[in-house]
Undergrad: 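Input: one structure, supplied below.
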Amino acid sequence: MLDLVIIGLNHKTAPIDIREKLAFPEKEIEKALTEAHSLPSVKETMILSTCNRVEIYAISQEVETSIQQLKDFLSRYHHLTLNLLEKYLYVYTGEQAVKHIFRVASSLDSMVLGEPQILGQIKAAYTLSAETKTSGFILHRLLHRAFSVAKRVRTETQIGDNAVSVSSVAVELAEKIFGNLDQRTVLLIGAGEMSELAARHLLSAGVQKIWVTNRSFDRALSLASEFHGEAIPFEDLYRGLKKVDIVISATDSPHYLIEKERMVKVMKERKQKPLFFIDIADPRDIAPEVGDLENIYLYNLDDLQKVANENRKGREQEAQKAEVIVEEEVAKFVRWYKSLEITPTIIALKKKCEEIRKKELEKLLSLYPHLSEKERRSLEAMTSAIVNKILHDPFVRLKQKDEEALSDIYVDALRTLFQLPETVSTEEQEEG
Amino acid sequence: MINIYFFKLASFLYCLATLSYSAYIFFLKEGLSKVATRLVTLGFAFHTLAFLTRLIEAGYTPVTNLHESLSFFAWMIIGILLIANLKYKIKVLGAFLTSIALIFMIFAFALPKEILPLAPVLRSVWHPFHVLFAFLGNAIFTLAFCCGVIYLIQEHQLKKKKMGAIVKRLPSLKVLDDLNYQALKFGFPLLTLGIITGAVWAEYAWGRYWGWDPKETWSLITWFLYAAMLHQRLTVGWRGRKAAIMAIVGFMSVLFTFLGVNLILPGLHTYSQWEP
């Protein structure tokens, strides 16, 4: 019986420098896949390499051997000693491995719980392995299952619903105020990692234009070119406030830059068009009273952080629901997987044919009660012979050990075509 | 009395739609809102049948007593909801408007439903036009009222920095304010037309255009409120919160003009002679 093996590391088990060393550059994955696939114990394989995790999935006949061979492969490929690698690697097999894949795809194992990118990354990894034909029947089935588990988790829980980073909270707020952002403009005051990140998020959410101002006009110019925006002199700050919709402020000014009295005037000149202030500076740039004005929405870094934290807690709760779904799906997959064993399938098919034969024979015999014992026995023998002869060739084919990879497909087909139940009793498993 | 049968069916469907919209707001399952939209559309179809069958049975436009007027108002509200649904996908609005329509239907149901011979003053070609314009305007103002209420809730949440379940369920402030303005732009001319056709009809019925009867006075007050709203919006940018509050105040005035005047203040529009 083939088994699933996962070897890998992620943000929880390895520091970033190790993860970077072990990552497969996009261009090399194809080559690495072929190399891993050529390992004698590996039947199917797939490589997932993102900035937070590197994992090799393999279907193998000899689990222990393949674990060793895959570890050797990783150490050889990345020129790292096995001893060093061992410290960071985790290994999952069988049911645990299935669970791991489902959890990864559903973003339950991600650094940011419920983030959506991972599913796309797995899909890409799978597509590549399918194109290079290093993944086969079992990985196909497993990955398609994983995708639908991820979809179930997305629709049945709210794990990905609320923003958990400061910038995405800012975008969500902007959308609640302005609706569609594509006609909106942003004014970026000052510079800083967080404010630039927020501006970038707003841009990718569709904001039309970004204006930049800074005490140093050169700095403003260079930032503006980065955002394909426009720079305005710092003295024109209030003129800028008249025309934009969203303001991100992050200067190191020791006192408030924007005061209530002036904003009252600005709002009048804007004809009360709503204005969304994001104050990322410490100490603050915008006087808190500004937020009391009508049609002005003022959020500072702490406010955004608080929302993000609350949402994160919400996601953790949703994750518990998701784990239940994953457990359910793992059990389903394992049931299917176990049904691929040859012996129980043969037994089940034999049983089904035998039942049909007996039933039909009984029907016939009840129509002809006058048949002699000898005639009855001949009929019995004849029908048994038919069943056995029909089943003989497929069974011989199934039992050919060297064709094990193919036999999975045959078994699955047999189960589907003859509608054999997936449940396998433990007794039968032991025989297999 | 087949019109009553259709009327009941429509009420029942509005009731189911209200439940379905509420369930959608609670569980946020897309399927529920689709079901609600279908129910409300079907309800509207039966309501239309109720109106048409009553029109045939009575032989005149059946908007002559409180039962008929309430039902007509509800019919227009649902019609406006269906139109608004085409452009703005705001499901919360569905919950609000269907429940208001449902309340009107329940009141209408409780009132005497008999078809009586048409009073002589109502026998005018202007009457149906007056009623149509007035109620279409009222229905649009009902929409503006709902937008106003939702706006105030949403604005409060955003100002108080509560980004919770409520914010998530309610639409953006911009959409609500836009819709409020759209409603004003369409509602105000209709109200104006309603008053003008009413005056022309009054000239036929009573021989004068305007007589400061309570209904006339109150509709003029309503007209001034909405005119002020439109003016302030265009000149000094009364939008958002102020516009939302005005939409609510305006609707109160609409309701009083429609119901309060009929029930409290005596006058030509009270039609009390047809009520027991």
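A, B, ... follow the sequence lines: proteins, then strands. Residue 1 opens every chain.
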Undergrad: Which atom pairs, one a donor and one an acceptor, fall under 3.5 Å between side chains of residues 31-46 of chain B and the rest of the protein, sequence neighbours left out?
TA:
unit_1, atom_1, unit_2, atom_2, d
B/S33, OG, B/E30, O, 3.1
B/T37, OG1, B/S33, O, 2.8
B/T41, OG1, B/T37, O, 2.5

Undergrad: So, the side chain of A/Y299 versus the backbone of B/L158: is there a donor-acceptor pair under 3.5 Å, distance only?
TA: yes

Undergrad: Below 4.5 Å from any heavy atom of chain A, which atoms of B/K29 appear? Answer side chain, backbone, both or neither.
TA: side chain

Undergrad: Would you indicate whether the side-chain heavy atoms of A/Q183 and B/K174 approach each other to under 4.5 Å?
TA: no

Undergrad: For the CD atom on A/Q317, are there more than 12 heavy atoms of other groups (residues, nucleotides or ligands in this structure) within a distance under 6.0 Å?
TA: no

Undergrad: Just wondering, more than 12 heavy atoms not from A/R103 lying within 6.0 Å of its CZ?
TA: yes

Undergrad: Using a 4.5 angstrom heavy-atom cutoff, name the option from A/V307, A/I177, A/N311 with the most pairs to chain B.
TA: A/I177

Undergrad: Please say whether more than 12 non-hydrogen atoms of neighbouring residues, nucleotides or ligands are located less than 6.0 Å from NE2 in B/H231.
TA: no

Undergrad: Between A/N180 and chain B, with a heavy-atom cut-off of 4.5 Å, which part of the residue counts as in contact: side chain, backbone, both or neither?
TA: neither

Undergrad: Select all residues of residues 263-279 of chain A having any heavy atom within less than 4.5 Å of some heavy atom of chain B, and report them by number, or 'none'.
TA: A/K271, A/Q272, A/K273, A/P274

Undergrad: Any heavy-atom pair between the side chains of A/K176 and B/Q154 that's under 4.5 Å?
TA: yes

Undergrad: Under 4.5 Å from any heavy atom of chain A, what part of B/V167 do you find: side chain, backbone, both or neither?
TA: both

Undergrad: Is B/L176 in contact with chain A via its backbone, its side chain, both, or neither, using a 4.5 Å heavy-atom distance?
TA: neither

Undergrad: May I ask you to check whether over 12 heavy atoms, not counting those of B/F107, lie within 6.0 Å of atom CZ?
TA: no

Undergrad: Locate the shortest heavy-atom distance separating B/R239 from A/N295; write the atom from each residue and the value.
TA: CG-ND2, 4.1 Å

Undergrad: Surrounding CG of A/D252 (heavy atoms of other residues, nucleotides or ligands, distance under 6.0 Å), is the total greater than 12?
TA: no

Undergrad: Would you say CZ of B/F12 has more than 12 non-hydrogen atoms from neighbouring residues, nucleotides or ligands within 6.0 angstrom?
TA: no

Undergrad: If every non-hydrogen atom of A/L298 is compared with every non-hydrogen atom of B/K161, which pair is closest and at what distance?
TA: O-CE, 2.8 Å

Undergrad: Tell me whether B/K159 contacts the main-chain N or O of A/I296 through its side chain, where contact means a donor paired with an acceptor under 3.5 Å.
TA: yes

Undergrad: Nearest heavy-atom pair of A/G179 and B/S172: which atoms, and what distance?
TA: CA-OG, 3.3 Å

Undergrad: Can you tell which part of A/Q158 gets under 4.5 Å to a heavy atom of chain B, answering side chain, backbone, both or neither?
TA: side chain

Undergrad: If you draw a 6.0 Å radius around NZ in A/K151, do more than 12 non-hydrogen atoms from other residues or ligands fall strictly inside?
TA: no

Undergrad: Is atom OH of A/Y238 surrounded by more than 12 heavy atoms (other residues, nucleotides or ligands) closer than 6.0 Å?
TA: yes

